[in-house]
Amino acid sequence: MATAWPYPRWIAHRGAGRLAPENTLAAFALGHAHGYRMFECDVRLSADGRAFLLHDDSLERTTDGVGEALARNWAELARLDAGAWHSPRYAGERLPTLDAILAFCMHHRCALNVELKPAPGDAQRTGEVVAVEIARRWVGTPPPLLSSFAPEALAAAAEAAPQLPRGLLLERFADGWLESAQRLDCIAIVAEQRAWSAETAAAASAAGLHRLAYTVNDDAEAARLLGLGLDGLITDRVDHFRP
Ligand code: G3P
Ligand code: MG
């Protein structure tokens with residue numbers, strides 16, 4: 001039997017889904033304005049080891065930069081425009097540091113799900129640096145939930161800050177998922193919504209794991225997942241689902 005789930009049920013994906021430039025402070029502010037009190041975001045490292053928010057390995061889709069983010073130092077990344085790609089009114093929005101996002105969440109008493117999104121080959125460093133920063137900086141309860149598709153990043157986070165809760169991200173329930181979650185001492189499985197069935201939900205629950213789904217943007221799917229007893233739903237549609 002899992003312990004009580006200390007986080008809100010509804011979680012704003014990348015800050016505010018697609019309504020604002022993903023993984024920016026403007027997105028967090030918009031998600032918050034829509035009543036959301038928990039956020040998911042993607043965190044990785046610059047070449048010189050600064051933790052910041054960015055989903056992709058490369059800069060092109062969501063900034064005016066080019067190439068791999070991991071090849072740049074933070075001083076360069078901090079100058080990029082991370083909002084104009086979305087819409088003119090967000091021009092000038094910057095890539096936020098993890099530190100700025102932690103400060104936002106603590107100030108507004110919001111919960112946070114930090115997805116460790118390491119660049120290829122950078123999983124161990126990412127897990128360690130991010131976990132250490134959160135452990136040093138975060139004040140309040142509940143602490144940020146660290147999640148990742150990269151077991152190596154979660155293992156490094158567990159080593160650096162074992163007290164921070166971890167969730168294993170899954171696109172599907174492949175062989176060995178439970179052993180992985182148990183080896184990493186995870187408290188939750190965060191699975192792609194279609195991967196949750198009565199069987200997988202029961203298996204996770206029987207193992208004492210909390211259950212979350214991403215990215216839930218459809219009413220019928222939300223109702224199905226809540227019917228299965230899931231603890232958390234990560235959504236883009238912060239203007240549609242009332243948290
Ligand atoms: O953390 C859940 C979800 O964000 C995982 O997929 O690609 O949106 O980061 P992605
Ligand atoms: Mg993510």
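Whatever order the structure lists them in is the order used to number ligands and atoms, beginning at 1.
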Val190 and ligand 1 - part of the residue with a heavy-atom distance under 4.0 Å: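 Contact part for Val190 vs ligand 1: neither.
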Taking N or O atoms only and a 3.5 Å limit, does [X] qualify as a polar contact for ligand 1?
X	result
Lys117	yes
Arg14	yes
His13	yes

Angle, OE2 of Glu40 through the Mg ion (ligand 2) to OD1 of Asp42 - 10° precision: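 So the angle at the metal works out to 100°.
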Check: Tyr90 ring centroid to Trp85 ring centroid under 6.0 Å: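 No.
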Atom of Glu115 closest to the Mg ion (ligand 2), considering N, O or S atoms: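 It is OE1, the N, O or S atom of Glu115 closest to the Mg ion (ligand 2).
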Closest protein heavy atom (residue, atom, distance) for atom 1 (O) of ligand 1: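 That would be Glu40 OE2, 2.9 Å.
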Gln124, CD atom: more than 12 neighbouring heavy atoms under 6.0 Å: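 No, the 6.0 Å shell around CD holds no more than 12 heavy atoms from other groups.
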Parallel, tilted or perpendicular: rings of Phe149 and Tyr214 (30°, 60°):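 It falls in the perpendicular class, over 60°.
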Mutual orientation of the aromatic rings belonging to Phe104 and His108 [parallel < 30°, tilted 30-60°, perpendicular > 60°]: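 Plane angle between 30° and 60°, so tilted.
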Ligand 1 atoms in contact with His55 (distance to a heavy atom under 4.0 Å):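 Answer for ligand 1: 7 (O), 8 (O), 9 (O), 10 (P).
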